[in-house]
*Asks:* 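Following this message is one structure expressed as structure tokens.
Below, chains carry the letters A, B, ... as their sequence lines are ordered, and counting in each starts from 1.
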Amino acid sequence: MNCLPISFYRRPTVVVARDLVGKKLVRTIKKGHTFKLAGTIVETEAYGYTDDEASHARMGRTARNLVMFGEVGRAYVYFAYGNHFCVNVSARSDRVQAGAVLIRGLEPVEGIEMMKKLRRVDDIISLTTGPGKLTQALSITSALNGTDMTKQESELHIEFGIKPACILRTPRIGISRAIESQWRFIDPSSKFVSRKIQINAL
DNA sequence: CGCTCGATATTCT
DNA sequence: GAATATCGAGCGA
């Protein structure tokens with residue numbers, strides 16, 4: 001079994017976000033043949049509960065964010081700006097009621113030709129450098145919301161990888177609240193990070 | 001390269 | 001009605 005165990009996700013969300021950098025996100029598609037699409041996670045962000053003004057869970061449960069409150073290690077897929085899907089993994093310590101880690105960047109490893117077709121682009125760099133891009137490259141939609149990411153047989157799961165030499169911690173991107181929290185983690189040696197650093201507003 | 005804007009689901013005010 | 005965990009097209013420099 002190559003998958004990260006459920007205990008990996010039953011820890012503080014920020015710690016899980018850091019430790020997910022270097023792990024492998026795997027998507028299997030059964031369509032006649034079985035296709036495998038996979039990439040190494042190079043960029044993540046942690047989102048919390050009522051303590052986090054930028055989190056979907058900050059106001060409590062809604063139909064959309066239920067997975068953030070449920071069992072850990074599950075895929076939380078949501079539709080952003082009416083245009084793109086984004087994928088998270090639910091993760092939190094037992095003391096907290098909600099939490100998830102947004103996967104923001106991948107380094108493509110397997111199934112690159114199919115990713116190019118799904119994205120309708122040829123450029124490797126723009127294939128998976130961003131949360132909306134990587135869901136398109138791996139054909140991740142709300143149909144996969146709630147998927148158990150700790151099971152090898154799941155169409156979407158997370159496997160062990162190689163621990164990066166260095167992980168950088170920065171403020172999160174694309175939010176206007178709680179910009180002071182440094183809950184974004186990147187592998188600075190990777191070319192597949194959407195932005196190397198966050199420029200802090202004055 | 002950088003900036004503006006449209007697409008438009010879901011939630012909040 | 002406004003904001004949002006985004007992206008890419010179009011435009012100007």
*Asks:* Given that both distances must come in under 3.5 Å, which nucleotide forms a Watson-Crick or G-U wobble pair with C/dA5?
*Replies:*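 Base-paired to nothing in any strand shown.
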*Asks:* Please report the distance, rounded to the nearest Å, between CG in A/N88 and P in C/dT6.
*Replies:*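 Whole-Å distance recorded here is 11 Å.
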*Asks:* Mark this stacking check for A/Y47 against C/dA5 as yes or no, applying ring centres under 5.5 Å and ring planes under 30°.
*Replies:*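 So yes, this residue stacks on that base, both cut-offs being met.
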*Asks:* A/F8 ring centre to A/R11 NZ or CZ under 6.0 Å, with the angle to the axis within 45°?
*Replies:*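 Here A/R11 passes the 6.0 Å and 45° test against A/F8.
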*Asks:* Hey, does the side chain of A/S176 come within less than 4.0 Å of C/dT4's phosphate (OP1/OP2), counting only N and O?
*Replies:*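 The answer is yes; a side-chain N or O of A/S176 sits under 4.0 Å from OP1 or OP2.
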*Asks:* Within the 3.5 Å criterion, strictly below it, is a donor on A/T170 or A/R184 matched to an acceptor on the partner's side chain?
*Replies:*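 Yes, side-chain donor-acceptor contact under 3.5 Å.
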*Asks:* Whole-Å distance between C/dA5 P and A/R64 CZ?
*Replies:*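 It is 8 Å, rounded to the nearest whole Å.
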*Asks:* Roughly, in whole Å, what's the span from CD in A/E43 to C1' in C/dA5?
*Replies:*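 So the two atoms are 11 Å apart, to the nearest Å.
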*Asks:* Let me know the distance between CG of A/L127 and P of C/dT6, rounded to the nearest Å.
*Replies:*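 Distance, rounded to whole Å: 19 Å.
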*Asks:* Starting from C1' on C/dG8, measure out to CD on A/Q136 and report it in whole angstrom.
*Replies:*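 Rounded to the whole Å, the gap is 11 Å.
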*Asks:* Whole Å only: how far is the CD1 atom of A/I125 from the P atom of C/dG8?
*Replies:*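 In whole Å, C/dG8 P and A/I125 CD1 are 14 Å from each other.
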*Asks:* Expressed in angstrom and rounded to an integer, what is the separation of A/N145 atom CG from B/dT10 atom C1'?
*Replies:*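 Roughly 13 Å, once rounded to whole Å.
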*Asks:* With C1' as the reference atom in both, quote the distance from C/dA3 to B/dC5 in angstrom, rounded to an integer.
*Replies:*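 16 Å, rounded to whole Å.
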*Asks:* Closest to the A/H84 side chain: B/dT13, C/dA5, C/dC7?
*Replies:*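 The closest nucleotide is C/dC7.
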*Asks:* Just call it for A/L102: base, sugar-phosphate, or nothing, with non-hydrogen atoms closer than 4.0 Å on any strand.
*Replies:*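 It contacts base atoms.
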*Asks:* Looking at the side chain of A/N83, which of B/dT8, B/dT13, C/dA5 is the nearest nucleotide?
*Replies:*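 Of B/dT8, B/dT13, C/dA5, B/dT8 is nearest to the side chain of A/N83.
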*Asks:* As a test of reading the structure: which of B/dT11, C/dT6, C/dC7 is closest to the side chain of A/A63, going by heavy atoms?
*Replies:*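 Of all the options, the side chain of A/A63 is nearest to B/dT11.
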*Asks:* Take atom NZ of A/K30 as the centre, draw a 6.0 Å sphere, and report whether it contains more than 12 heavy atoms from other residues, nucleotides or ligands.
*Replies:*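 Count over threshold, so yes.
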*Asks:* Within the structure shown, what part of the strands sits under 4.0 Å from A/R177 by heavy-atom distance: base, sugar-phosphate, or nothing?
*Replies:*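 No contact at all - A/R177 keeps every heavy atom at 4.0 Å or more from the nucleic acid.
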*Asks:* Hey, does the side chain of A/R58 come within less than 4.0 Å of C/dA3's phosphate (OP1/OP2), counting only N and O?
*Replies:*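 No, outside the criterion.
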*Asks:* Picking from A/V26, A/L118, A/V109, A/I140, what satisfies side-chain contact (heavy atoms from CB on, under 4.5 Å) with A/L37?
*Replies:*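 Of the listed residues A/V26, A/L118, A/V109, A/I140, the side-chain contact (heavy atoms from CB on, under 4.5 Å) partner of A/L37 is A/L118.
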*Asks:* Checking all strands, does A/Y81 fall into the base, sugar-phosphate, or nothing category for heavy-atom contacts under 4.0 angstrom?
*Replies:*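 Result for A/Y81 = base.
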*Asks:* Between C/dA5 atom C1' and A/Y49 atom OH, what is the distance in whole Å?
*Replies:*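 For the pair A/Y49 OH and C/dA5 C1', the rounded distance is 19 Å.
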*Asks:* Do side-chain atoms of A/N2 reach the backbone of A/E159 as a donor and acceptor pair under 3.5 angstrom?
*Replies:*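 Such a contact is absent between A/N2 side chain and A/E159 backbone.
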*Asks:* Taking the side chain of A/R119 as heavy atoms from C-beta outward, which of C/dT6, B/dC12, C/dG8 is closest to it?
*Replies:*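 Output: C/dG8.
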*Asks:* Applying the Watson-Crick and G-U wobble criteria at under 3.5 Å, what pairs with B/dT8? Answer none if nothing qualifies.
*Replies:*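 WC or wobble partner does not exist here.
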*Asks:* Step by step, would you call A/R27 with A/E110 a side chain to side chain contact (heavy atoms under 4.5 Å, CB included)?
*Replies:* CA-CA 10 Å; A/R27 169 85 164 103; A/E110 200 170 334; over 6 Å; no
